[in-house]
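Here's the structure, in structure tokens; my notes come after.
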Amino acid sequence: MAQRFDCSDPSARPAGIEAAVTALGQGQLVVLPTDTVYGIGADAFDPKAVAGLLAAKGRGRHKPSPVLVGSREALGDLVAELPRKAEELIEAFWPGGLTLVLRHRPSLSWDLGETGGTVAVRMPDHPLALDLLAAAGPMAVSSANLTDRPSPEDCDAAFGMLGDSVAVYLDGGRTAGPVSSSIVDLTGDTPVLVREGVLSAAELAKVVPDLIVP
């Protein structure tokens with residue numbers, strides 16, 4: 001049966017994070033708030049847990065899970081190289097609503113789905129998410145909804161869709177949602193806007209003027 005912690009209560013927050021870290025270490029799933037919507041997360045380096053995440057959402061491997069990190073430094077352990085334009089975007093918009101698609105290190109023992117050697121990575125601007133990531137390490141995190149259902153902005157909505165497929169729910173109150181993060185692909189010579197979300201193409205182009213907007 002799923003555990004739920006009201007992390008808006010300072011006395012419950014440490015217990016919630018501890019329970020979430022334990023669950024992740026056992027290959028289970030956790031729901032957490034981010035600065036956009038609620039997410040469902042797994043240990044990024046546990047292929048079975050990531051497969052469970054995709055199954056809980058009713059999502060195929062052709063839509064791999066993004067990864068959340070708790071610091072800029074953590075990104076260096078995941079990517080093969082960090083282009084200068086990525087550094088400039090990180091400086092301008094992290095933590096926040098910007099997901100970067102980069103080449104991941106070939107040596108990493110993970111399986112996020114059919115990524116083609118890339119990883120979509122973001123540092124969220126939410127204190128509870130950052131506390132969990134600091135304690136647990138990088139997490140595969142996708143919106144905490146069933147495929148083709150609205151992304152949840154509160155813990156009740158996430159629980160209503162995912163129920164006991166998730167071991168621990170961290171309730172941090174209502175999120176800013178429903179707009180998702182913007183996604184920029186930096187795997188080529190020129191940055192490409194994959195999805196316009198919280199950050200507009202115009203805002204991003206101020207930092208990377210050669211941004212391609214399909």
Side-chain angles (χ1 to χ4, degrees), residues 32-45 50 53-54 59 61-127 129-130 132-134 136-144 151 175-214:
L32 66 153
T34 75
D35 47 339
T36 54
V37 296
Y38 270 77
I40 176 174
D43 179 350
F45 299 100
V50 175
L53 183 160
L54 297 175
R59 186 171 180 170
R61 286 175 51 80
H62 63 289
K63 291 185 177 180
S65 176
V67 171
L68 296 187
V69 294
S71 68
R72 299 179 189 181
E73 291 73 23
L75 178 62
D77 296 328
L78 304 182
V79 300
E81 63 175 325
L82 194 61
R84 179 169 180 79
K85 289 172 184 177
E87 293 179 348
E88 292 170 347
L89 287 166
I90 287 169
E91 183 64 30
F93 300 116
W94 275 20
L98 175 63
T99 297
L100 301 178
V101 180
L102 299 161
R103 296 283 177 192
H104 71 68
R105 290 183 181 272
S107 59
L108 291 179
S109 58
W110 64 8
D111 183 1
L112 302 170
E114 296 172 7
T115 66
T118 67
V119 60
V121 64
R122 184 168 86 88
M123 181 182 175
D125 190 12
H126 192 288
L130 291 174
L132 177 57
L133 290 163
M139 293 174 57
V141 178
S142 183
S143 55
S151 298
T175 65
V179 183
S180 300
S181 67
S182 299
I183 303 176
V184 175
D185 187 336
L186 290 155
T187 58
D189 294 333
T190 306
V192 177
L193 181 64
V194 176
R195 181 178 74 194
E196 187 171 26
V198 173
L199 298 168
S200 68
E203 289 176 286
L204 295 165
K206 289 178 182 178
V207 179
V208 284
D210 58 341
L211 178 71
I212 295 174
V213 181

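For residues 195-214, the set of pairs meeting the salt bridge (Lys or Arg N to Asp or Glu O under 4.0 Å) definition, not counting sequence neighbours, comprises Lys85-Asp210. A salt bridge (Lys or Arg N to Asp or Glu O under 4.0 Å) check over residues 111-127, counting only residues at least two apart or in different chains, returns the pairs Asp35-Arg122, Arg61-Asp111.
Side-chain contact check for His104 versus Val79: every heavy-atom pair is 4.5 Å or farther apart. Side-chain contact check for Leu75 versus Ile90: some heavy-atom pair is nearer than 4.5 Å. At a threshold of 4.5 Å between non-hydrogen side-chain atoms, the residues Leu186 and Pro191 count as touching. Side-chain contact between Leu132 and Met139: present, with at least one pair of heavy atoms (C-beta onward) separated by less than 4.5 Å.
Scanning both residues, Ala140 and Leu112, for their nearest heavy atoms gives CB-CD2, 4.1 Å. Nearest approach of Val50 to Ala42, heavy atoms of both residues: N-CB, 4.1 Å. Taking each heavy atom of Gly197 and Ser182 in turn, the nearest pair found is N-OG, 2.8 Å. The two atoms that bring Ser180 and Thr36 nearest to each other are C-CG2, 4.2 Å, heavy atoms only. Counting all heavy atoms, side chain and backbone alike, Leu193 lies closest to Pro214 at O-CD, 3.2 Å. Annotation for Pro138 and Asp43: closest pair O-OD1, 4.3 Å, computed over non-hydrogen atoms.
Taken from CG in Leu102 to CG in Leu78, the straight-line distance is 9.5 Å, to the nearest 0.5 Å. Separation of atoms OG1 (Thr187) and CG (Leu100) is listed at 11.5 Å; rounding is to 0.5 Å. Here CD1 of Ile183 is found 11.5 Å from CG of Leu199. Values are rounded to the nearest 0.5 Å. For the atom pair CG of Leu130 and OG1 of Thr34, the computed distance is 10.0 Å after rounding to the nearest 0.5 Å. Atom OG of Ser142 is separated from atom CG of Leu54 by 7.5 Å, given to the nearest 0.5 angstrom.
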- Item | Stepwise side-chain contact (heavy atoms from CB on, under 4.5 Å) test for Leu204 and Leu98 | CA-CA 9 Å; Leu204 295 165; Leu98 175 63; 3.9 Å; yes
Donor-acceptor contacts, no H, no angles, side chain residues 67-74, under 3.5 Å, sequence neighbours left out:
unit_1, atom_1, unit_2, atom_2, d
Ser71, OG, Ala74, N, 3.1
Arg72, NH1, Glu91, OE1, 3.0
Arg72, NH2, Trp94, O, 3.3

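Take Val207 and apply the side-chain contact (heavy atoms from CB on, under 4.5 Å) test, not counting sequence neighbours, and it matches Glu88, Leu89, Ala92, Phe93. By the side chain to side chain donor-acceptor pair (under 3.5 Å) test, Thr115 pairs with no residue at all, sequence neighbours left out. For Arg105, there are no side chain to side chain donor-acceptor pair (under 3.5 Å) partners at least two apart in sequence or on another chain.
Judged by distance alone, with hydrogens and angles left aside, the side-chain atoms of Ser143 form no donor-acceptor pair with the main-chain N or O of Gly39 at under 3.5 Å.
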